[in-house]
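Written below as structure tokens is the structure these notes are about.
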2 protein chains.
Amino acid sequence: MNPPPSPPPSSPSSPPERCRDCRWRQPGLFLPADAEDLATVQAFRGGTEKLRAGRTLVAEGRLPIKLYTVYDGWAFRYKSLADGRRQILNFLLPGDFIGLQGEFADEATHGVEALTDLQLCVFPRGDLWPLFQRKPEFAYDVTWLAAKQEQLLDENLVTLGQRNAAERVAMLLVVLWRRADRLGLGDGHGGVEFPLTQQHIADALGLSLVHTNKTLRKLERLGLHRVADGRLYLLQPAALARIADFVARPIRPQPLI
Amino acid sequence: MNPPPSPPPSSPSSPPERCRDCRWRQPGLFLPADAEDLATVQAFRGGTEKLRAGRTLVAEGRLPIKLYTVYDGWAFRYKSLADGRRQILNFLLPGDFIGLQGEFADEATHGVEALTDLQLCVFPRGDLWPLFQRKPEFAYDVTWLAAKQEQLLDENLVTLGQRNAAERVAMLLVVLWRRADRLGLGDGHGGVEFPLTQQHIADALGLSLVHTNKTLRKLERLGLHRVADGRLYLLQPAALARIADFVARPIRPQPLI
DNA sequence: CGACCCTTTGAGGGCCGTCAAAGGGGGTGG
DNA sequence: CCACCCCCTTTGACGGCCCTCAAAGGGTCG
């Protein structure tokens with residue numbers, strides 16, 4: 001099966017003026033928000049920002065003064081060692097909240113870099129605590145997001161600690177495909193947007209670039225998946241899930257801030 | 001080295017009746033709590049529980065109905081794969097909060113097992129949301145703890161993804177020693193309580209038992225550390241930190257719930 | 001056209017996993 | 001008190017997974 005001709009590379013869309021017009025405020029994707037919730041988020045939002053692919057949004061060691069929600073595009077969190085080794089902690093997709101840890105540390109313990117051109121909603125850090133005081137539902141949502149992030153990290157920890165190369169790659173492909181597809185980043189033909197280079201995959205999985213390539217090619221030759229034109233196609237999702245020992249949990253809609 | 005707040009108990013001590021008498025409510029260890037904070041936590045606490053070493057506090061896949069704070073003893077969080085491989089996600093020491101993720105998932109995505117005999121403060125899950133509504137400081141503290149946990153997981157992810165066996169072991173020794181020493185679990189002579197078996201270390205670091213042993217022995221023969229009688233001694237902390245590329249951050253007191 | 005990035009493949013070696021077995025310590029029962 | 005067992009630790013041998021080194025090819029952009 002050949003991938004359909006790729007549509008023109010969509011440049012990321014800007015967040016609308018009003019949060020109620022947010023493209024992600026649709027049934028099923030995120031938790032429903034009533035008018036009051038929307039007003040809260042709208043008032044919290046200090047503005048929007050753009051960032052070019054490859055630029056760093058948050059630098060390691062600096063104290064970030066803003067909070068962000070990814071509106072469009074992909075990014076990733078990472079940490080570096082002194083000699084340059086870099087570990088990608090997880091990938092950030094639209095709807096993901098950035099910067100929580102900064103609230104409770106003296107400096108950013110990780111960096112954030114744009115994988116594609118990025119559109120962001122920006123929130124002033126200083127408004128977080130007042131909002132906690134005025135809106136307990138908001139506080140609850142933030143905690144929810146933090147707990148959810150923690151679950152993702154748990155998964156990644158198991159992957160790095162216990163899975164071999166093929167299992168790691170299969171896991172990453174399945175998980176990212178599901179996350180992207182769920183957001184409607186698919187093309188309707190089994191392919192989803194996939195802006196990672198093999199170096200990103202290697203850094204995320206704790207593998208060398210060379211071995212990452214060989215493992216990807218192996219799975220591809222087995223007909224399990226295909227990567228082409230910045231898109232990922234899962235040709236045999238069940239087989240990939242079996243290799244990765246991936247257990248699909250029902251995805252609960254998250255709060256969107 | 002911190003002076004022990006109380007003589008190191010060979011058998012875990014029970015939580016006192018009143019939270020204000022809690023052995024961990026001492027300057028420097030955790031964030032100070034005023035009378036109102038204490039009353040809040042006291043009212044939240046539904047009781048106490050004990051658990052024998054080796055028993056599971058939370059089983060993977062079950063929906064836990066309680067929240068806990070470790071009062072005395074060690075525990076660990078873990079996840080398993082279908083074929084039995086197990087990854088220890090992190091270790092839990094006195095003051096650590098257990099069960100947040102359960103609030104936002106349909107089932108526990110990880111298990112919790114007692115490493116030593118365990119003394120716990122228990123909180124009913126159903127009271128969490130009402131507390132968020134009544135006490136924004138409480139909500140803020142919970143979010144703080146969640147963000148802090150996330151930082152620990154980030155560190156572990158870097159360890160598993162980028163560090164080799166010697167670096168991993170050195171990292172674990174340094175980090176656990178600091179956490180235990182800070183709580184006053186030291187003996188005043190450079191040794192801290194250390195209830196892990198080499199199998200636990202292996203499961204936490206994603207190494208085989210055999211290779212974990214060989215790596216530990218190598219560092220021990222270099223005179224960097226010593227493990228004896230359930231105690232860990234760092235003989236050359238700076239050398240271990242250098243091997244692990246561990247950067248000491250000032251430890252901020254956490255909230256205690 | 002050249003520079004650069006990303007992908008791909010081969011060759012060789014080392015880190016770490018698996019298999020195997022022995023030794024020590026604590027607990028239990030004879 | 002000793003025998004026995006079980007768990008944990010320790011060490012050696014061997015093999016394999018994955019890393020490093022090296023190099024070629026394609027695509028994009030200046």
Review item, side-chain donor-acceptor pairs of residues 217-229 of chain B, under 3.5 Å, at least two apart:
none

Here the distance between atom C1' of C:dT7 and atom CG of A:Asp229, to the nearest Å, is 14 Å

- Item | Close side-chain approach of B:Arg163 and B:Met171, heavy atoms under 4.5 Å | yes

Rounded to whole Å, the CD-C1' distance (A:Gln199 to C:dT8) equals 14 Å

Practice prompt. Using atom types as modelled and distance alone, determine if a side-chain donor or acceptor of B:Thr116 lies under 3.5 Å from a backbone N or O of B:Trp74.
Written response: yes

Between CZ of B:Arg221 and P of D:dT10 the distance, given in whole Å, is 10 Å

Atom CG of A:Leu216 and atom P of C:dT9 are separated, to the nearest Å, by 11 Å

Protein-nucleotides 11-20 of chain C N/O pairs under 3.5 Å:
{"residue": "C:dA11", "atom": "N6", "partner": "A:Lys214", "partner atom": "NZ", "Å": "3.3"}
{"residue": "C:dC16", "atom": "OP1", "partner": "B:Ala165", "partner atom": "N", "Å": "2.9"}
{"residue": "C:dC16", "atom": "OP2", "partner": "B:His211", "partner atom": "NE2", "Å": "3.3"}
{"residue": "C:dG17", "atom": "OP1", "partner": "B:Gly206", "partner atom": "O", "Å": "3.4"}
{"residue": "C:dG17", "atom": "OP1", "partner": "B:Ser208", "partner atom": "N", "Å": "3.3"}
{"residue": "C:dG17", "atom": "OP2", "partner": "B:Ser208", "partner atom": "N", "Å": "3.0"}
{"residue": "C:dG17", "atom": "OP2", "partner": "B:Ser208", "partner atom": "OG", "Å": "2.9"}

Rounded to whole Å, CD of B:Gln198 lies from C1' of C:dG25 at a distance of 15 Å

B:Asn213 has its side chain closest, among C:dT9, C:dT7, D:dT9, to D:dT9

Review point. Between the side chains of A:Gln149 and A:Asn90, does any donor sit under 3.5 Å from an acceptor?
Key: yes

In whole angstroms, the gap separating C1' of C:dG24 from CZ of B:Arg217 amounts to 13 Å

In A:Asn213, A:Leu209, A:Thr215, the residue satisfying side chain to side chain contact (heavy atoms under 4.5 Å, CB included) with A:His211 is A:Thr215

note: A:Arg85, atom CZ; D:dC19, atom C1'; distance rounded to Å ~ 13 Å

Indicate whether the side chain of B:Glu60 and that of B:Ser80 have a donor and an acceptor atom separated by less than 3.5 Å.
yes

Here the distance between atom P of D:dT10 and atom CG of B:Leu219, to the nearest Å, is 13 Å

